[in-house]
Amino acid sequence: MTLPHSPESAGGAQPPQAVQVHRLEHRQEEEHREERQHSLHMGSSVSRRTFRSREEEKETSQDIRGPAGLAEPCRPSHDREAQLRRQTSAVELEERGQKRVGFSNNWERTELRLLRQRRDWKALWLRTEEKVREAKELRELCAGRGPWFWIPLRSHAVWEHTTVLLTCTVQASPPPQVTWYKDDVRIDPRLFPAGKYRITNNYGLLTLEIRRVTTADSATYTVMVKNAFGQASSFAKVLVRTYLGKDAGFDSEIFKRSLFGPHVEFTSVLRPVFAREKEPFSLSCLFSEDMLDAEQNIQWFRDGRLLSSSGRRQMLYSDRKASLKVSCAYKEDEGLYTIRVPSPFGPREQSTYVFVRDAAAENPGAPGSPLNVQCLHVNRDGLILTWTPPSDTRGSPITGYSIERCQGDSNEWVPCHEAPGGTCRCPIQGLVEGQSYRFRVRAISRAGSSLPSKASEAVVMGDYDAARRKMEIPFDLGSKITVNAVTIPSPPTNVHASEIREAYVVLGWDEPCPRGKAPLQYSLEKSVIGSGTWEAIRSETPVKSPRFALLDLEKGKSYVFRVRAMNQYGMSDPSEPSEPIALRGKPATLPPPAKVQALRDTQTSVSLVWDPVDGGTELLGYYIYSREVGSSEWQTVNNKPIQDSRLQCGPHPGAGQGGPIALPSPTTLFKAPTDLLLWIPPPSSLPQPCLSHLCLLLQVSNLREGHFYEFRGRAANWAGVGELSAPSSLFECKEWTMPQPGPPYDVRVSEVRASSLMLQWEPPLYTGTGAGPVTGYRISVQEEGFEEWIPVTADPISGTHVCDLKPGKRYMFQVQAINSAGLGQPSMPTDPVLLEDKPDAREIEVGVDEEGRIYLAFEAPEAPDSSEFQWSKDYKGPPDPQRVEIEDEVSRSKVILKEPGLEDLGTYSVVVTDADEDISASHTLTEEELNRLKKLSHEIRNPVIKLISGWNIDILEQGEVRLWLEVEKLSPAAELHLIFNQKEIFSSPNRKINFDREKGLVEVIILHLSEEDKGSYTAQLQDGKAKNQITLTLVDDDFDKLLRKADAKRRDWKRKQGPYFQDPLQWKITEDCQVLLTCKVTNTKKETRFQWFFKKRETPAGQYDPQTGEGCILIEELSKEDQGIYRAVVSDERGEDDTMLDLEGEALDAIFTELGRIGALSATPLKIQGTEEGIRIFSKVKYFNVDYMKTTWFHKDKRLETGDRIRAGTTLDEIWLHILDPKDSDKGKYSLEIAAGKEIRQLSVDLSGQAAHHCRLVSLPDRAKVVRGLPDVATIMEDKTLCLTCVISGDPAPEIAWLKNDQPVAFLDRYHMEVKGTEVTITIEKVNSEDSGRYGVFVKNKYGSETGQVTISVFKHGDEPKELKKM
């Protein structure tokens, strides 16, 4: 990069970097001036030497140079260093030849002067070396380069409500643009609460601060930096945790006790509760120690959700007793309740199930009350109410639902709507904005009405999307500017049916954009398909929300709808019609679950499994029923439907009477409803080894040991409760006493690939009675879609097994334990597993590190910080520590083979613990692979210099040619030998050789490339034992091409020493269809002159801005007269540069084509206007050119031709079709096709129903019109004067324009126009053949416009006038 020699050379305001360069250069010039003055006053000297840097002194000899050596030129690329050397050489030349002989005291003076001179020369030498170093730093400072991360982002794992600070360091020149992303979505702090995100950029130190993080902030954060030389990115993961305990690393016993207090244990067990609706219930348990800060430390959960105190729910603690009291129970309160307390060794929990029965009905036989009443899609005046049907209809089907409403805090419930029995959703409309409401539902059957359900949560009606329509601009210190557009609303868009049911349709649409600040109301219209008419939809209250329920539609008919928006400023046009919409048939309930099967658990419990029902998003859950054999009545097991969710049961301190049953093994996860456990209070003598893994706990009353039971279930959706399933097989409640072992548990699938997987399990807790230990296992597999379980192996196995299966298939697996008595019970089947290769699955990496060590590594960046990497060999345990070394890093673990040999062959596997999903892999190390790795290890320990980039060729700014290559970092002792045409070369005046060992860079810079530089270049590198040799050949066409490019670059650099055009002259089209010619100049100063030329003549139409260097010419209306060559010239005393643009031929056609394309795109929708003669259809355009734009009219997809009743034409800004004397046959769809090059724009309008309105439009007396005066055709002889007169009307007075062939007439020379009142006259003197054509007068005011046309033919002297037809 060439540095400017004066501050004026930069031109205008300079950036901070340029100012720094200028200051440094100015200081250097001042120091050089002082040094030169000091040198001129020095005494004479007999020594002859030049001053060199330390590097030159090492490379060259200490001999005294001759005059030729002193005059040796320096490289132009090092201007500052060369200038310093030239000054030193000039001083020495001046002193040369001034030797004199002195005697006596003169010799003493001479020696004194020599000592002073040596001191001054040494000081000057040091200063010269310092300035050379500064010049090099200055060149590096000014050199542009792409961004790269010196320190990348680092992943974080933090607790909730803390602050995360992501930092990284980036280097780039010029400074890059920085953008932050969260999961590939750009982070805009203005879209989040104030202070949530804070982004800073402090001289390359980039920071993203996230305050008070929540679990929603867990994501992958990416920073993207970009400048003109490239871009780079860095990412990190943020994991937000909500649990603070043992896994966080708080292992200090003192810290645990100070944080959690004393060790607390449960001394009693939570008892199951059988409550009844509308009645109170309570839960309680005792602790071994007093709880500190019980309100914060004791937590109650229902179905995994944290509970808090409310008006009917209290959480109490006193005298080591914690209790939960509910004053009025509802069926929503049914579920699994858990109490959790902190402990130094982790949280302690107990769980039990609360069952809520239906309350006694007011009317005998009436159904149970609905539950889960929720308000969805809350708007300003309406909402959607949903609920869940009751489980028990008491033998009478539900015929409908009654909805009651309570406004505010009045506690007055009034009926507001009735819904049919086939749906559990209902729209509620006519609500008041700003008012709060609650709702409850009653189920109705022939026997009567049920009790009311639990009231929904209170909702306040309002426009909850208003905040998103505001645009807030932050400024100053925490201040904001809120912008709301005020305008007449546009038509709504996207009119569609958001919900279609048997009795209603919920119509939705998108608000207009721009919407306006004023409140909106909507007017709806409907049309039956085929009727052709629109009917307004009446509503008792104004429609204020973009959602409306239609309750009066007829079945069997299809409708289309459209919507208008209204505010205080006016009403919008109607929206586009919706798609055809019709009511649906009666919704169907879900089919019953299939294959209900009871599995033995203990003497007082049972496990139920069934095939789930495919209910989609409308599945609300399952109801379970049971009965004892011999009884005719089915008992309801659960009054709250079982949802499809994940439930977790963990170990508990014990299970007494009525206590929950759990495993002493690690926690197991199940998916309801495919696994459901039903149980009764077990006796206190229940043996713990009989317990099995559980999923969901439900209480079944009145079951007795030794009796037989059967079970059935049904599914519920919005249409109601489905039919009951077939009863399960009879199940006998008794304790296991069989000799065979129980089922294994915790069957896990890992390392799933396309053709194999790893299956692991835990041994059964029940090993059989009197039959000895477990001797093996049998694995069975079932392919999805088949019922048969097929053993994988014929013989029992003793441990983990790898299954070879078909890729792309789904399989389920189960395991059976074997002892001397035979096969035991099978385990619970695994979930279906799809055998495929996951794209993001990570494998074990095998390789050789920089030190030549063979390793196996596994990386898991998504694993939490508390995870551990557990390695094993051949699935038998960890590898032998005497043969391997394990190195663990952040999210990465490596196994290093100390002395690789045959003993290390085998299968290495790794499992990441505490991960949310399975992260595991394995790799089998074979003898062939081990030999390959040992060979690679040998190559690394006996290295070759690694080549990063071979020979590259760059042409520098001043035309110098740079040959360079890059290798790995070398030591200071590395050597370079550069061979050119079989001869070693060194640095010379025309060739500079640089060898940067730190960067591994070898470069040869040729100042002036010539034929002498043709040939081959070979770099021989040696660094200790490592060697390498790279050759570049520059001959024939390659060399000639490089020579031409270097010469062109040198000429371009000379051109840029003065003012020059950074951007050449080019054209573009503005939004107003004007042609703008632009260019940009750089490196200017005050004396720089800018000139515009058109057709070799200077034109004053051009403009030039010295501040920005931008020049432009605006052509408002392009015509043939504007074609020609445009030229811009910039010059001053430093030089001259120009740029040209030829607007002729194809270039001019391209501009006209683009104008036509923009004009076609600007066409407005077709509008209909009534005239005295008939109906006029027109479209407004910003530009029209008859030569480059073609228009075609269609009626009912049939092309229209101009005739007696149909006239088509164009004006400057309008394309029109005039239908004279309209008839019924003229009704229908009219289409306009505008073609401009390859762009085709089609517009259409339906004239049906509009003809009746044209008379009303004609009655407007103020519209601009051409009343009379112009004939259809006229002929005239050459050299005569043509006068055309017409009469116009309109109020206000219309604007007048004359057109010739649809182009405006310029009233110059022979053309004149005169307006006298309502008479308009155009006069053409001395007409000639060029004046022939179609003329028109165009009048326009705010009420409309009209065009009168006449066709003129000019004939020569002696010729007969031709008969013309109207054009």
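In what follows, residues are counted from 1 in the order of the sequence shown.
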Residue pair T163 / R212: nearest heavy atoms and the distance that separates them: OG1-N, 4.1 Å
Contact summary for G847 and L933, nearest pair of heavy atoms: CA-CD2, 4.1 Å
Candidate pair V223 and F235, rule side chain to side chain contact (heavy atoms under 4.5 Å, CB included), full reasoning: CA-CA 6 Å; V223 58; F235 71 92; over 6 Å; no
Test log, rule side chain to side chain contact (heavy atoms under 4.5 Å, CB included), inputs L947 and I1030: CA-CA 9 Å; L947 179 64; I1030 308 97; 4.1 Å; yes
Enclosure of K196 NZ (heavy-atom neighbours >12, cutoff 6.0 Å): yes
Between S893 and W871, a side-chain donor and acceptor under 3.5 Å: yes
Side chain to side chain contact (heavy atoms under 4.5 Å, CB included) assessment of V170 paired with W150: CA-CA 6 Å; V170 65; W150 179 259; over 6 Å; no
Side-chain donor/acceptor of N1028 to backbone N/O of I945, under 3.5 Å: yes
L1001 CG to L970 CG distance, which is reported to the nearest 0.5 Å: 10.5 Å
Rounded distance [0.5 Å steps], CD1 in I955 versus CD1 in I1006: 11.0 Å
E929 atom CD, neighbour heavy-atom count above 12 within 6.0 Å: yes
Under 3.5 Å: donor-acceptor pair, side chain of D1023, backbone of S971: yes
Flag if over 12 foreign heavy atoms under 6.0 Å of NZ, K182: yes
Check: S949 side chain, L965 main-chain N or O, donor-acceptor pair, under 3.5 Å: no
Distance (rounded to the nearest 0.5 Å) between L963 CG and E1003 CD: 9.5 Å
Contact check, side chains of W148 and V225, non-hydrogen atoms, under 4.5 Å: no
Heavy-atom closest contact (Y221 atom, A219 atom, distance): CD1-O, 3.7 Å
Pairwise distance CD(E862) to NZ(K237) - rounded to 0.5 angstrom: 5.0 Å
Heavy-atom closest pair, residues G146 and N227: CA-OD1, 3.8 Å
Atom CD of Q177: over 12 foreign heavy atoms under 6.0 Å: no
Enclosure of D183 CG (heavy-atom neighbours >12, cutoff 6.0 Å): yes
E887 and R853 ion-paired at < 4.0 Å: yes
Donor-acceptor side-chain pairing of S909 and S872 below 3.5 angstrom: yes
Polar side-chain atom of S867 near backbone of T913 as donor-acceptor pair, under 3.5 Å: yes
L897 CG to L856 CG distance, which is reported to the nearest 0.5 Å: 6.0 Å
V240 side chain near W159 side chain, heavy-atom distance below 4.5 Å: no
Within 45° cone of Y855 ring axis and under 6.0 Å: K894 NZ or CZ: yes
Step-by-step salt bridge (Lys or Arg N to Asp or Glu O under 4.0 Å) determination, R127 to E134: CA-CA 10 Å; R127 282 199 295 268; E134 293 179 356; over 6 Å; no
Gap separating the OG1 atom of T1082 from the CD atom of E1110, nearest 0.5 angstrom: 11.5 Å
Qualifying salt bridge (charged side-chain N to carboxylate O under 4.0 Å, His left out) pairs, either residue in residues 944-954, two or more places apart: D954-R962
Close side-chain approach of V911 to I919, heavy-atom, < 4.5 Å: no
Contact check, side chains of L166 and H156, non-hydrogen atoms, under 4.5 Å: yes
Validation row: N1083, Y1060 side chains within 4.5 angstrom (heavy atoms): yes
Contacts of type ring pair (Phe, Tyr, Trp, His ring centres under 6.0 Å), residue Y197, not counting sequence neighbours: F192
Side chain to side chain, N994 and I1005, heavy atoms closer than 4.5 Å: yes
Qualifying residue for side chain to side chain contact (heavy atoms under 4.5 Å, CB included) with I151, from T167, L205, L206, T169: T169
Nearest heavy atoms of R842 and A921, plus distance in Å: O-CB, 3.7 Å
Main-chain N/O of D996 paired to E998 side chain as donor or acceptor, under 3.5 Å: no
Stepwise side chain to side chain contact (heavy atoms under 4.5 Å, CB included) test for V884 and K898: CA-CA 5 Å; V884 302; K898 296 180 178 179; 5.7 Å; no
Considering all heavy atoms, the nearest F149-C168 contact: CE2-SG, 3.7 Å
T222 vs S233, side chain to side chain donor-acceptor pair (under 3.5 Å): CA-CA, chis, key distance, verdict: CA-CA 7 Å; T222 306; S233 64; over 6 Å; no
Atom CZ of R133: over 12 foreign heavy atoms under 6.0 Å: yes
D1105 side chain to G1109 backbone, donor-acceptor under 3.5 Å: no
Pair S922, E751: side-chain N/O donor-acceptor within cut-off below 3.5 Å: yes
Any side-chain heavy-atom pair of E845 and R892 under 4.5 Å: yes
Check: D904 and R883 side chains under 4.5 Å, non-hydrogen atoms: yes
Contacts of type side chain to side chain donor-acceptor pair (under 3.5 Å), residue Q1029, not counting sequence neighbours: Q1020
